[in-house]
Amino acid sequence: MSNIPDRNLALELVRVTEAAALNAARWMGRGDKIGADQAAVDGMRAMMDMVTMDGIVVIGEGEKDEAPMLYNGERVGNGQHPDVDVAVDPIDGTRLLSLGRPGSIAVVAIAERGAMYSPGPIVYMDKIAVGPSAKGAINIEASVAENLQSIAEAQDMTVENLTVVVLDRPRHENLIHEIRAAGARIKMITDGDVAGAILAAMEDTGVDVLMGIGGTPEGVITASAMKCMGGDMQGRLWPRNEKERQAALEVGLDLQEVLTLDKLVSGNNVFFAATGITSGELLRGVRYTSNKAYTHSVVMRSRSGTIRYIEANHSLDKLRRIQTGQLIA
């Protein structure tokens with residue numbers, strides 16, 4: 001078998017995100033983020049090991065000794081070719097799920113081995129992401145007003161009609177002030193900037209751009225989705241304190257470097273899958289009946305640019321019989 005992915009692995013990865021979502025959805029509104037995350041990881045890992053690939057987790061849940069999660073450097077898949085980098089977010093929006101709020105999703109992305117950027121010890125990244133109509137119109141080194149004007153011109157709009165997605169965090173006080181001063185509209189989200197960026201890249205969502213500081217793991221996952229959708233993204237590492245800054249410098253990271261889309265995920269052989277856990281604007285969440293569960297997913301491939309939505313109904317009785325107890329609690 002080829003050492004390079006030559007089939008649509010996203011169609012196999014959706015089983016991985018479905019498994020994570022089915023497990024995690026049981027924890028909706030129970031106020032236990034750790035329990036929910038562990039349930040999602042258990043489902044994701046069990047199904048991922050059935051995928052024909054030799055995967056290395058580049059973007060995971062931290063280092064091996066930190067938690068029994070899908071850790072950075074873990075090998076996943078059945079060990080056969082192709083050789084791939086793997087980025088996982090078992091729950092994007094863990095707090096949303098634990099509080100029973102909308103918009104949590106399970107996410108996996110893969111690319112050819114060596115394609116994904118590793119942010120090392122840096123947890124946060126300043127980001128800007130847009131859809132295909134504004135590709136090439138962003139510059140993270142420019143001002144907020146300049147970026148919004150450039151995006152508006154690329155989309156044949158006025159700045160006043162643009163909508164910017166921003167995470168609702170105290171660190172964004174200045175960003176929000178600049179967006180308002182430029183005249184654009186703001187859509188605040190409490191969590192889940194992967195879904196926010198995807199909405200910005202899709203047509204007819206009413207969202208045009210994502211701006212602000214969010215997780216670096218989510219940044220690489222978002223870049224994978226942008227590759228598949230034909231969108232654009234730039235980032236720059238954002239150390240939280242002097243200790244993190246020094247740790248980054250020690251491993252050779254350039255904190256001033258503009259991380260373009262191709263720097264975050266190189267090549268054009270990227271696959272992305274996400275399944276809704278709690279219903280949101282991007283995907284519907286898991287719904288249970290007496291003996292079935294229903295899931296709603298999106299799968300993408302960069303080479304073809306194809307975006308598929310998959311609705312599935314799962315027989316809980318059959319799943320319980322064929323699984324070891326990991327996939328359905």
Side-chain angles (χ1 to χ4, degrees), residues 4-17 20-21 44 48 51 53 55-61 70 72 74 76-77 82-93 105-119 122 125 127-132 135 138 165 192-202 210 214-237 259-276 282-283 297-310:
I4 298 174
D6 58 359
R7 66 188 192 279
N8 194 345
L9 285 169
L11 294 174
E12 299 175 51
L13 292 179
V14 73
R15 297 172 61 213
V16 175
T17 55
M44 183 169 278
M48 190 174 289
V51 179
M53 65 180 183
I56 295 179
V57 177
V58 176
I59 300 296
E61 297 282 300
L70 283 157
N72 297 340
E74 181 173 353
V76 293
D83 299 344
V84 296
D85 285 349
V86 180
V88 300
D89 197 349
I91 306 175
D92 180 43
I105 60 175
V107 184
V108 173
I110 64 174
E112 295 178 52
R113 181 68 53 81
M116 288 183 174
Y117 177 79
S118 177
I122 302 298
M125 173 191 297
K127 314 170 191 176
I128 180 170
V130 293
K135 187 175 180 65
I138 56 174
V165 174
D193 63 348
V194 174
I198 293 173
L199 288 172
M202 287 181 166
L210 174 132
T216 49
E218 290 83 357
V220 176
I221 292 171
T222 296
S224 300
M226 295 299 105
K227 276 273 182 170
C228 295
M229 302 175 73
D232 202 1
M233 179 178 175
Q234 289 186 6
R236 188 159 50 189
L237 298 176
L259 301 173
T260 63
L261 185 61
D262 284 330
K263 177 70 175 181
L264 291 166
V265 183
S266 62
N268 191 35
N269 208 8
V270 184
F271 307 84
F272 177 95
T275 299
L282 178 62
L283 295 166
S297 306
V298 60
V299 298
M300 311 179 191
R301 184 182 190 182
S302 65
R303 178 176 289 178
S304 64
T306 302
I307 300 173
R308 291 181 173 91
Y309 288 93
I310 297 177

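Keep in mind it's a predicted model, so treat the numbers as computed, not measured.
Looking at heavy atoms from C-beta onward, Tyr309 lies in side-chain contact with Leu283 at the 4.5 angstrom threshold. In this structure the side chain of Arg308 reaches within 4.5 angstrom of the side chain of Leu11, judged on heavy atoms. Using a 4.5 Å heavy-atom cutoff, the side chains of Pro82 and Leu9 are in contact. Proximity of Val265 to Val220: side-chain heavy atoms (C-beta onward) are separated by under 4.5 Å at one or more points.
Note that the CD atom of Glu218 and the CG atom of Asp89 stand 5.0 Å from one another [nearest 0.5 Å]. In this structure, CE in Met226 is found 7.0 Å from CE in Met300, a value given to the nearest 0.5 Å. One distance of note links CD1 of Ile128 with CD1 of Ile138; it measures 5.0 Å at 0.5 Å rounding. Here the CG-CE distance, from Leu264 to Met125, works out to 5.0 Å after rounding to the nearest 0.5 Å. Separating the CE atom in Met229 from the OG1 atom in Thr222 is a distance of 10.5 Å, to the nearest 0.5 Å. Distance check, rounded to the nearest 0.5 Å: CD1 of Ile221 to OG1 of Thr216 gives 10.0 Å.
Residue pairs meeting the salt bridge (Lys or Arg N to Asp or Glu O under 4.0 Å) criterion with at least one partner in residues 259-272, sequence neighbours excluded, are Lys227-Asp262, Glu257-Lys263.
The shortest heavy-atom contact between Ala111 and Val270 is CB-CG2, 4.2 Å. Shortest non-hydrogen contact noted between Glu112 and Asn269 is OE2-CB, 3.1 Å. Taking each heavy atom of Met116 and Ala109 in turn, the nearest pair found is CE-O, 3.6 Å. For the pair Ala273 and Ala10, the tightest heavy-atom approach, listed with the atom from each and the gap, is CB-O, 4.2 Å.
With sequence neighbours excluded, the residues satisfying side chain to side chain contact (heavy atoms under 4.5 Å, CB included) with Arg236 are Ile140, Glu141. Residues satisfying the side chain to side chain contact (heavy atoms under 4.5 Å, CB included) criterion with Leu282, sequence neighbours excluded, are Ile105, Ala195, Ile198, Leu199, Met202. Remark: Pro217 pairs with Ile59 by the side chain to side chain contact (heavy atoms under 4.5 Å, CB included) rule, at least two apart or across chains. Ala20 is linked by a side chain to side chain contact (heavy atoms under 4.5 Å, CB included) to Ala40, Met44, Ala106, counting only residues two or more places apart in sequence or in another chain. With sequence neighbours excluded, the residues forming a salt bridge (charged side-chain N to carboxylate O under 4.0 Å, His left out) with Asp193 are Lys127, listed by chain and number. Legend: residues meeting side chain to side chain donor-acceptor pair (under 3.5 Å) with Thr306, ordered by chain and number and at least two apart, are Ser304. Applying the side chain to side chain donor-acceptor pair (under 3.5 Å) rule to Ser297 yields the partners Thr275; only residues at least two apart in sequence or on another chain are considered. In this structure, the side chain to side chain donor-acceptor pair (under 3.5 Å) partners of Ser302, at least two apart in sequence or on a different chain, are Asn268.
A donor-acceptor pair under 3.5 Å is absent between the side-chain atoms of Ser224 and the main chain of Phe272, judged by distance alone. Panel note: side chain Asp85, backbone Ala115; a donor-acceptor pair is recorded below 3.5 Å. Judged purely by atom type and a 3.5 angstrom limit, Asp83 has no side-chain atom pairing as donor or acceptor with the backbone of Arg113.
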